[in-house]
Amino acid sequence: MELVHSGKVRALYADGDDLILVASDRVSVYDVVLPTPIPGKGTVLTQLSLWWFGQLSDVIPNHVISGTDVPPQWAGRAMRCRRLQMVPVECIARGYLAGLGLESYNETGTISGVPLPPGLLEGSRLPDPVFTPTTKAAAGHDEPMTRADVAALVGAPVAAELERVTLEVYRRGAALAASRGVIIADTKLEFGLLDDGSLMLADEVLTPDSSRFWLASQWQPGRPQRSLDKQFVRDWSTGIGWDRRPPGPVIPSDIVAATQARYDELYSRLTASA
Ligand code: Q0Z
């Protein structure tokens, strides 16, 4: 199959008119891919995305054709997708203060132009989720976009729909996760257009590579939160004095096992039937 794109931890192949999206077991920490894979990670992320696409299909249609009709060597870690005209905007929804949203709040008291109450802490829940779109930079870092920037790029009707659907996907996902003891602090969504101009949810959805997941029982505003995925790898890599420059360090087997267990716990918690 023809390789169309390869990212740090995933790859995209063309199969006739379809695309095959393959998630590897590689893990990236502080933007560096480490030399040791986390066995099972690609499968967990693919199965979690497929599950969410199904949960959210009444909010918006999605690009999935099949989670099983994929080349056998990628069974479980790949999905067959429709090829869409991708919307060149990273659609982010934030429900809690972390990352760039926290930086923006600390500097201006606002996020994406939305004024927030004073006194919020790192990790605080926002009164309402906020849409914070960014550019998709080919290299380097994504830049914040205003609503007017998004409208200029995709037109006002699609821009309004992107915001509405992004916030609805976040609300629905966060409510479901909350009922299972998991906080979704924020998430990054990607959309594409069909030939008829209709919008579809694409790429991966509500996975730990596209979202911040925190255990509700350990949530404590006022400090950095422990994320429910590669926190062990991050803490360990900082603890051994790695300077965050490539090449990243080889991960010892106990850290690999603890990280695998976190991914498995996240998957079984979220997808457990009520
Ligand atoms: C997704 C990406 C990478 C995995 C393009 N349904 C679609 N139609 C057209 N394009 C895409 C999709 Cl999902 C598309 N990406 C991001 C890059 C591995 C996903 F290298 N890029």
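Model, not experiment: these values are computed from the prediction.
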Contact check, side chains of M200 and P61, non-hydrogen atoms, under 4.5 Å:
yes
Applying side-chain contact (heavy atoms from CB on, under 4.5 Å), run through I183 and R125 and close with a yes or a no.
CA-CA 10 Å; I183 291 171; R125 183 176 183 158; over 6 Å; no
Is atom CG of D195 surrounded by more than 12 heavy atoms (other residues, nucleotides or ligands) closer than 6.0 Å?
no
Give a yes or no on whether L48 and V182 share a hydrophobic cluster (residues Ile, Leu, Val, Met, Phe, Trp, Tyr; joining criterion: side-chain heavy atoms under 4.5 Å apart).
yes
side-chain hydrogen bond (donor to acceptor under 3.5 Å, both in side chains) contacts touching residues 155-173 (sequence neighbours left out)
D58-R172, R147-E163, E161-R164
All heavy atoms of N62 vs all of S57, minimum pair found to be ND2-CB, 4.4 Å
For G222 versus L121, what's the shortest heavy-atom pair and its separation?
N-CB, 3.7 Å
Could you go step by step and tell me if D25 and R77 meet the side-chain contact (heavy atoms from CB on, under 4.5 Å) rule?
CA-CA 9 Å; D25 289 340; R77 67 171 68 248; 3.2 Å; yes
Tell me if the CD atom of Q85 is crowded by more than 12 foreign heavy atoms within 6.0 Å.
no
State, with a plain yes or no, whether a side-chain heavy atom of P127 is found less than 4.5 Å away from one of L116.
yes
ring-ring contact (aromatic ring centres under 6.0 Å, His included) with Y96: of W214, Y105, F213, only one passes, and it is W214
Name the residue from L34, V32, D31, V33 that meets the side-chain contact (heavy atoms from CB on, under 4.5 Å) definition with P246.
V32
When you group the ILVMFWY residues by side-chain heavy-atom contacts below 4.5 Å and let the links chain together, are V44 and L50 in the same group?
yes
Run K41 and D229 through side-chain contact (heavy atoms from CB on, under 4.5 Å) and show every step you take.
CA-CA 10 Å; K41 178 191 175 230; D229 54 306; over 6 Å; no
With a 4.5 Å limit on heavy-atom distance, are the side chains of T135 and D149 in contact?
no
Do the side chains of L228 and R262 get nearer than 4.5 Å, heavy atoms only?
yes
Co-membership, hydrophobic cluster, residues I65 and L193, 4.5 Å side-chain:
no
Distance alone, cut at 3.5 Å: any donor-acceptor contact between the side chains of S198 and D196?
yes
Applying salt bridge (Lys or Arg N to Asp or Glu O under 4.0 Å), run through R10 and D203 and close with a yes or a no.
CA-CA 11 Å; R10 296 181 305 153; D203 208 359; 2.7 Å; yes
Using 30° and 60° as the class boundaries, would you call the ring planes of H63 and F53 parallel, tilted or perpendicular?
tilted
R223 atom CZ, over 12 foreign heavy atoms within 6.0 Å
yes
Cluster link V9 to L12, ILVMFWY, side chain under 4.5 Å
no
Between NZ on residue K188 and CD on residue E90, distance to nearest 0.5 Å
4.5 Å
Regarding S211 and T187, do their side chains bring together a donor and an acceptor under 3.5 Å, going by distance alone?
yes
Heavy-atom distance under 4.5 Å between the side chains of S210 and V205, does that happen here?
no
What heavy-atom pair brings L126 and R94 nearest, and what distance separates the two atoms?
CD1-O, 3.4 Å
Determine whether L56 and L206 make a side-chain contact, defined as any pair of heavy atoms from C-beta on separated by less than 4.5 Å.
yes
I'd like to know if V130 and L167 are part of one continuous hydrophobic network [Ile/Leu/Val/Met/Phe/Trp/Tyr, side-chain heavy atoms within less than 4.5 Å].
no
Which pair of non-hydrogen atoms, one from V59 and one from V169, has the smallest distance, and what is that distance?
CG1-CG2, 4.0 Å
Please determine whether the number of non-hydrogen atoms from other residues, nucleotides or ligands lying under 6.0 Å from atom CZ of R82 exceeds 12.
no
Is there a side-chain contact between T238 and Y30 in this structure, where contact means two heavy atoms from C-beta onward sitting under 4.5 Å apart?
yes
Rounded to the nearest 0.5 angstrom, the CG-CH2 distance for L270 and W52 is 5.5 Å
Nearest heavy-atom neighbours spanning M1 and P71
CE-CG, 3.3 Å
Apply the test side-chain contact (heavy atoms from CB on, under 4.5 Å) to residues D15 and Y13: give CA-CA distance (whole Å), side-chain angles for both, the deciding distance (0.1 Å), then the verdict.
CA-CA 7 Å; D15 183 19; Y13 293 85; over 6 Å; no
Determine the minimum heavy-atom distance between V150 and A159, stating which atoms define it.
CG1-CB, 3.8 Å
Indicate yes or no: at least one non-hydrogen side-chain atom of F191 is less than 4.5 angstrom from one of I60.
yes
